[in-house]
Amino acid sequence: MYKNIIVGLSIISLVNCNAQKETTKQTTTQQATIVKEAPLKKEGNIIYFSEGENKFLPEFQMNVTFKGIAEDSRCPEGTQCVWAGVAVANIEFMSTTSRPMILQFSTAEVKGKDYHKTQSFNGYTISLKELAPYPSAQEGTKSLSGKYKIAIEITKDDSQNQSTMK
């Protein structure tokens, strides 16, 4: 009697383990997208990302993922505001020689809040060039979740400082 129960539980456990491995393989394949583009110039290029998109940039030997928007307080189109506001994008960088690091890039330099349009990572200077779409008065920013697109520019850092952040 006990032997039958133990054998039955063992078989169920093995089947569940195999099913979990197959699900993990499918989701991992869908998440990582390696984009084969024309070689990037060393003096820098603008690279576009959709929210959640991941690209390996062979010219810079780094993987870049646009994680999402941490804040979007930009004044909606068609309204008048006291302050223009700022949007902050979370972008994850990982080179072939470093661990992943999430840097925040903003649409405006705000020193009081430590918001920067440009930062350094692994010998490269990275700048946020564009963040779209702009919020509208009717829909606000909540309807934009998942629809954001950014443009970044990566250039080789000329200085000898190899720090990860400025």
Exercise for the section: Any chance you could lay out the side-chain contact (heavy atoms from CB on, under 4.5 Å) test for Phe56 and Gln61, step after step, and finish with the verdict? Expected result: CA-CA 7 Å; Phe56 178 73; Gln61 288 297 298; 4.1 Å; yes

Practice task
Go through the steps for Asn54 and Phe49 under the test side-chain contact (heavy atoms from CB on, under 4.5 Å), then give the verdict.
Solution key: CA-CA 8 Å; Asn54 174 1; Phe49 292 87; over 6 Å; no

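Between Lys117 and Glu109 there is no salt bridge, since none of the side-chain N atoms of the basic residue sits less than 4.0 Å from a carboxylate O of the acidic one.
Under the 4.5 Å side-chain contact rule for hydrophobic residues, Val64 and Met101 share a cluster. Criterion: ILVMFWY side-chain heavy atoms under 4.5 Å apart, direct or through other members. Under it, Leu103 and Phe66 are part of a common hydrophobic cluster. Each of Tyr115 and Ile150 belongs to its own hydrophobic cluster when Ile, Leu, Val, Met, Phe, Trp and Tyr are linked at side-chain heavy-atom distances under 4.5 angstrom. Phe121 and Met94 fall into different hydrophobic clusters, where Ile, Leu, Val, Met, Phe, Trp and Tyr are joined by side-chain heavy atoms under 4.5 Å apart, directly or via other members.
One distance of note links CG of Leu128 with OG1 of Thr118; it measures 8.5 Å at 0.5 Å rounding. Rounding to the nearest 0.5 Å gives a distance of 7.0 Å between CD1 of Ile69 and CZ of Arg74. Atom OH in Tyr48 sits 12.0 Å away from atom NZ in Lys149 (nearest 0.5 Å). Between atom OG of residue Ser95 and atom CG of residue Leu57 there is a gap of 11.5 Å, rounded to the nearest 0.5 Å. In this structure, CD1 on Ile152 lies 11.5 Å from CD on Gln119, to the nearest 0.5 angstrom. One finds the CD atom of Glu51 at 11.0 Å from the NZ atom of Lys147 (value rounded to the nearest 0.5 Å).
Checked by atom type, the side-chain pair Asn122/Ser98 shows no donor-acceptor distance below 3.5 Å.
Using a 4.5 Å cut-off on side-chain heavy atoms (C-beta onward), Tyr124 and Thr155 make no contact. Side-chain contact between Thr65 and Glu53: absent, with no pair of heavy atoms (C-beta onward) separated by less than 4.5 Å.
Summarising the hydrophobic clusters (Ile, Leu, Val, Met, Phe, Trp, Tyr; side-chain heavy atoms under 4.5 Å, direct or chained), the residues clustered with Ile102 are none.
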Donor-acceptor pairs under 3.5 angstrom involving side-chain atoms of residues 78-93: please list them, not counting sequence neighbours.
from	atom 1	to	atom 2	distance (Å)
Thr79	OG1	Pro76	O	2.6
Asn90	OD1	Gln104	NE2	3.0

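Proximity of a side-chain donor or acceptor of Ser106 to a complementary backbone N or O of Ala108 within less than 3.5 Å is detected.
Taking the side-chain hydrogen bond (donor to acceptor under 3.5 Å, both in side chains) definition, one finds that Thr96 meets it with nothing, sequence neighbours left out.
Between Phe105 and Ile126, the shortest heavy-atom distance links the atoms CE2-O, 3.2 Å. Residues Ile46 and Ala151 come closest through the heavy atom pair CG2-CB, 3.6 Å.
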